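Please read these numbers as outputs of a predicted model, since none were measured by experiment.
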Amino acid sequence: MTRTKVSLYWLIGLASFAITLVLHAPLVLTAVPNGILDHQAAGTAAEVDRIQTAWRLAGVSNEAVIAMITDLIFIVIYGCACLIAGFYFKRSEHSMLKMLGLVVNVAAGVFLLTDLTETTAQLIQLMNFSGVDNLAALAATVQPIKVTAWIITFIGVIAGLLMDYRASRRSA
């Protein structure tokens, strides 16, 4: 595996994130100002029902389903790209880069687990057009963990790629 391939995989993950954000845009243009973020943080069946009703009244229920399905696709692409990056960093001769690789791998695993859990809980409620307290609470509970893990992977991969580039320049 080369740094170029790792960068490409990660950039594909970011591109899938950008596409997902575009598909989430119609959900924000309703009585739900933060769109999918409000649905993630709802925490109760009543709040999920309120959000889904607003989406239905605004005529964007189908868009919500599409957005959540593309979110699942993004999660897998981005999470796997981060795992690949972490494994690449761990193969380095430099101890700091090896440690960063471990951090990126752990964060990527946490991101995959929590975001897949959250989005699946949301999608079940959306497909049934009915909030479920346990699922809403689960999504709201894992949401901040997922965000933290995503931030760690984002910063970690950038830092790792920069460290790897600098290391290769020094040894050349």
Side-chain angles (χ1 to χ4, degrees), residues 1-29 32-43 51 63-64 66-123 135-172:
M1 182 70 58
T2 65
R3 181 181 338 107
T4 302
K5 284 184 180 179
V6 169
S7 299
L8 180 62
Y9 293 147
W10 188 68
L11 289 173
I12 290 169
L14 288 181
S16 68
F17 182 55
I19 291 166
T20 299
L21 290 177
V22 168
L23 293 172
H24 283 241
L27 307 178
V28 175
L29 305 174
V32 184
N34 295 313
I36 205 81
L37 295 175
D38 285 347
H39 198 274
Q40 293 170 352
I51 292 166
E63 287 84 350
I66 291 167
M68 286 188 198
I69 290 170
T70 62
D71 201 14
L72 288 170
I73 295 167
F74 146 71
I75 294 162
V76 172
I77 293 171
Y78 179 81
C80 289
C82 290
L83 285 172
I84 290 168
F87 288 126
Y88 173 77
F89 301 149
K90 285 172 52 176
R91 289 186 12 216
S92 172
E93 296 174 6
H94 303 282
S95 60
M96 287 294 289
L97 198 51
K98 284 183 180 191
M99 180 59 74
L100 183 59
L102 177 64
V103 169
V104 168
N105 277 345
V106 169
V110 170
F111 170 76
L112 280 163
L113 179 66
T114 55
D115 207 1
L116 287 171
T117 298
E118 174 197 63
T119 305
T120 301
Q122 288 180 273
L123 190 56
L135 292 175
L138 176 62
T141 299
V142 299
Q143 197 245 6
I145 300 166
K146 167 208 69 172
V147 170
T148 302
W150 186 88
I151 291 168
I152 292 168
T153 61
F154 184 80
I155 294 170
V157 171
I158 291 172
L161 290 171
L162 290 172
M163 288 169 63
D164 186 58
Y165 176 75
R166 288 182 184 158
S168 70
R169 301 286 285 171
R170 281 189 215 122
S171 64

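- Taking CZ from R166 and NE2 from H94, the interatomic distance works out to 12.5 Å, rounded to the nearest 0.5 Å.
- Applying the ring-ring contact (aromatic ring centres under 6.0 Å, His included) rule to F154 yields the partners W10, W150; only residues at least two apart in sequence or on another chain are considered.
- Under the rule for a side chain to side chain contact (heavy atoms under 4.5 Å, CB included), the partners of T4 that lie at least two apart in sequence or sit in another chain are T2.
- For I77, the side chain to side chain contact (heavy atoms under 4.5 Å, CB included) partners two or more places apart in sequence, or in a different chain, are I12, S16, I73.
- Judged as a side chain to side chain contact (heavy atoms under 4.5 Å, CB included), and not counting sequence neighbours, the contacts of I66 are L23, T70.
- A distance of 13.0 Å separates NZ in K146 from OG1 in T141, rounded to the nearest 0.5 Å.
- Screening residues 100-115 for side-chain hydrogen bond (donor to acceptor under 3.5 Å, both in side chains), with sequence neighbours left out, gives D115-T119.
- In this structure T120 satisfies the side chain to side chain contact (heavy atoms under 4.5 Å, CB included) test together with L72, I124, sequence neighbours excluded.
- Residue L8 holds its CG atom at 14.0 Å from CZ of R3, rounded to the nearest 0.5 Å.
- Pairing each heavy atom of L27 with each of A67, the nearest pair is CD1-CB, 4.1 Å.
- Side-chain contact between H24 and D71 is present, with heavy atoms from C-beta onward closer than 4.5 Å.
- The minimum heavy-atom distance between V110 and A149, with the atom names listed, is CG1-CB, 3.9 Å.
- With rounding to the nearest 0.5 Å, the separation of CE in M96 from CZ in F89 is 13.0 Å.
- For L135 against A121, the heavy-atom pair with the smallest separation is O-CB, 3.7 Å.
- We find the CD1-CG distance between I75 and L116 to be 5.0 Å, quoted to the nearest 0.5 Å.
- Shortest non-hydrogen contact noted between A108 and G79 is CB-O, 3.9 Å.
- In terms of heavy atoms, L83 sits closest to G109 at CD2-N, 4.3 Å.
- Heavy-atom minimum distance, V28 versus P33: CG1-O, 3.1 Å.
- For the atom pair L102 CG and L97 CG, the distance stands at 12.0 Å (nearest 0.5 Å).
- Judged as a side-chain hydrogen bond (donor to acceptor under 3.5 Å, both in side chains), the pairs with a partner in residues 76-93 (not counting sequence neighbours) are, in order, Y78-T153, Y88-D164.
- Residues passing the side-chain hydrogen bond (donor to acceptor under 3.5 Å, both in side chains) test with E63: none are found, sequence neighbours excluded.
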So V22 and I19, side chain to side chain contact (heavy atoms under 4.5 Å, CB included) or not? Walk me through it.
CA-CA 5 Å; V22 168; I19 291 166; 5.7 Å; no
Can you check side chain to side chain contact (heavy atoms under 4.5 Å, CB included) on V6 and M1, steps first, answer last?
CA-CA 7 Å; V6 169; M1 182 70 58; 3.5 Å; yes
